[in-house]
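Below is one structure, written out as structure tokens; the observations come after it.
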Amino acid sequence: MSLATAPRRSGKPAADPAARTRRDHGAWFLVLPALIPILLLSVGPLLYGAGLAFTDAQSGRTRATRFVGLLNFSDLFHDTLFWDSFRIGLGWAFGVTVPQFLLALGLALLLHLPLRLRWLARALAIIPWAMPEVVVGIMWRLVYHPDAGILNETLRGLGLPGADGRDWLSGLATALPAVVVVGIWAGMPQTTVTLLAGLQHVPRELHEAAAMDGAGAWRGFRAVTWPALRPIALSVTALNFIWNLNSFALVFVLTDGGPGGRTRLPMLFAYEEAFRYGQFGYAATMGLALVAVISVLLAFHLAGRLKGADDR
């Protein structure tokens, strides 16, 4: 038999199907401790809520819950209050996400500089991130207090208008901007830490080369820093927008959706329908609609990331 016609022998032994099956079973056994809580606490309630959206489930009912098909979705489509809350939610999400990113980017660039006591500044910058949203809401309610709040006291000390006992969280024109400020303050540390981590992975040699070519700070940022930081910036901005659109606890503590529904976000509206008015089926329909919107946003985000990875 010649060398040309001799069968080639692989250096690796043939895979044993039984061994591969045992290996797969072992992998599933290792994943189960993390998978079971997700199924019980996330997937299970999600499926149960999706099922409620097609029923007329209410609290305190003596007769059995009935299947109503798409009736709840038809009512939701014609519910102007829900669409008003959705519009407010979009305004809240944009109003928080965009300034949050810009301020976090500036703070990350500052904390990236070789300053004295930089470690202390970085530690202080993440304090709002470590605070529960309920605590943040209570603290800012004290800041906005009409009589003894720090904001009105400061304005009064500077002799500026708006310090005469103005209740920022109860005014029709000031409630939503006041809540947006709190949302920016509470969420900025997470964005700052993410962008700071991205800045630390930008090669120093690129900045040195740009400086040797005569690039200033702004040109170096546009030519070196931003291209390397852009994938992280897009990801954190998209996730922050989805998170802000899904907000509940912070606005619930601050205003409870008032005054006059000016800060009633979609999740607050669904909460009121379920636990104040007992309309569990209709509230589940709202939740399912929001899940669909968030899923579409996530799909666009993931498609953009995959397309960017393919382009590279």
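- Although no hydrogens or angles enter the test, the distance criterion places a donor-acceptor pair under 3.5 Å between the side chain of R118 and the main chain of L113.
- Judged purely by distance below 3.5 Å, without hydrogens or angles, the side chains of T97 and N240 never pair a donor atom with an acceptor atom.
- Under the ring-ring contact (aromatic ring centres under 6.0 Å, His included) test applied with F248, the options Y271, F269, W243 reduce to a single match, Y271.
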Hey, mind stepping through L265 and L245 against side-chain contact (heavy atoms from CB on, under 4.5 Å) and telling me if it holds?
-> CA-CA 8 Å; L265 304 184; L245 185 61; over 6 Å; no

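- Summarising the geometry, atom CZ belonging to R262 is positioned 10.0 Å from atom CG belonging to D84; distances are rounded to the nearest 0.5 Å.
- No side-chain heavy atom of V202 sits less than 4.5 Å from a side-chain heavy atom of L229.
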Can you check side-chain contact (heavy atoms from CB on, under 4.5 Å) on F94 and F241, steps first, answer last?
-> CA-CA 7 Å; F94 278 109; F241 181 83; 3.7 Å; yes

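- Annotation: the span from R156 atom CZ to L151 atom CG amounts to 10.0 Å, rounded to 0.5 Å.
- Note: T191 OG1 to Q100 CD = 4.0 Å, rounded to the nearest 0.5 Å.
- Heavy-atom neighbours of W185 CH2 from other residues, nucleotides or ligands within 6.0 Å: above the threshold of 12.
- In this structure, S247 and W92 approach most closely via the heavy-atom pair OG-NE1, 3.5 Å.
- Residues L117 and W119 are in side-chain contact: their nearest non-hydrogen atoms beyond the backbone lie under 4.5 Å apart.
- When atom types are taken as modelled, the side chain of W129 and the backbone of G187 share no donor-acceptor pair closer than 3.5 angstrom.
- Residues F221 and L105 meet the side-chain proximity criterion, which asks for heavy atoms closer than 4.5 Å.
- By the criterion of side-chain heavy atoms lying less than 4.5 angstrom apart, applied directly or through intervening Ile, Leu, Val, Met, Phe, Trp or Tyr residues, L46 is not grouped with L39; the two fall into different hydrophobic clusters.
- Counting heavy atoms from C-beta on, the side chains of L111 and L199 never come closer than 4.5 Å.
- Residues V136 and M131 share a closest heavy-atom pair of CG2-CB, 3.8 Å.
- A 6.0 Å sphere centred on CD1 of I150 holds no more than 12 heavy atoms belonging to other residues, nucleotides or ligands.
- T255 OG1 to L268 CG: the interatomic distance, rounded to the nearest 0.5 Å, is 7.0 Å.
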Should T192 and F101 be marked as a side-chain contact (heavy atoms from CB on, under 4.5 Å) after you check the CA-CA gap, both sets of side-chain angles, and the distance that decides it?
-> CA-CA 8 Å; T192 301; F101 171 76; over 6 Å; no

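- Ring orientation note: the planes of F54 and F67 are close to parallel, at an angle under 30° on the 30°/60° scale.
- Residues T55 and N72 approach most closely at O-ND2, 2.7 Å, considering heavy atoms.
- Figure legend: cation-pi geometry between R87 and W83 absent, as NZ or CZ is not positioned both under 6.0 Å from the six-membered ring centre and within 45° of its axis.
- V251 and L142 fall into different hydrophobic clusters, where Ile, Leu, Val, Met, Phe, Trp and Tyr residues are linked whenever their side-chain heavy atoms come under 4.5 Å apart, directly or through other members.
- L288 and F275 fall into different hydrophobic clusters, where Ile, Leu, Val, Met, Phe, Trp and Tyr side chains are chained together by heavy-atom contacts under 4.5 Å.
- Identified under the salt bridge (charged side-chain N to carboxylate O under 4.0 Å, His left out) test for residues 274-287, with sequence neighbours left out: D256-R276, E272-R276.
- Contact annotation: the side chain of I138 approaches that of V134 to within less than 4.5 Å [non-hydrogen atoms, C-beta and beyond].
- Note that the CZ atom of R230 and the OG1 atom of T237 stand 12.5 Å from one another [nearest 0.5 Å].
- At least one donor-acceptor pair closer than 3.5 Å links the side chain of T174 to the backbone N or O of W168.
- Under the 3.5 Å distance criterion, with hydrogens and angles disregarded, no donor-acceptor pair is assigned to the side chains of N152 and Y144.
- Here the closest heavy-atom approach between residue M286 and residue A270 is recorded as SD-CA, 3.7 Å.
- Cluster annotation: I232 and V193 are assigned to distinct hydrophobic clusters (Ile/Leu/Val/Met/Phe/Trp/Tyr, side-chain heavy-atom contacts under 4.5 Å, transitive).
- At a threshold of 4.5 Å between non-hydrogen side-chain atoms, the residues F280 and T65 do not count as touching.
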D79 vs Y282, side chain to side chain donor-acceptor pair (under 3.5 Å): CA-CA, chis, key distance, verdict | CA-CA 11 Å; D79 192 343; Y282 192 52; 2.6 Å; yes

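- Summarising the geometry of L52 relative to A284, their closest heavy-atom pair is CB-CB, 3.7 Å, with the distance given to 0.1 Å.
- Side-chain atoms of E133 and V253, non-hydrogen and from C-beta on, never get closer than 4.5 Å to each other.
- Here the straight-line distance linking atom CG of L195 with atom OG1 of T225 works out to 12.0 Å at 0.5 Å rounding.
- Linking Ile, Leu, Val, Met, Phe, Trp and Tyr whenever their side-chain heavy atoms come within less than 4.5 Å puts V96 and I294 in one cluster.
- Shortest non-hydrogen contact noted between A283 and A274 is CB-CB, 3.5 Å.
- Counting heavy atoms from C-beta on, the side chains of H145 and D147 come closer than 4.5 Å.
- A donor-acceptor contact shorter than 3.5 Å is absent between the side chain of T263 and the backbone of P259.
- By the side-chain contact (heavy atoms from CB on, under 4.5 Å) test, L47 is found to be paired with V43, residues two or more places apart in sequence or in another chain being considered.
- A distance-only check finds a donor-acceptor pair linking the side chain of H78 to the backbone of S74 [under 3.5 Å].
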Derivation of the side-chain contact (heavy atoms from CB on, under 4.5 Å) call for R122 and L124 = CA-CA 5 Å; R122 289 179 176 180; L124 294 175; over 6 Å; no

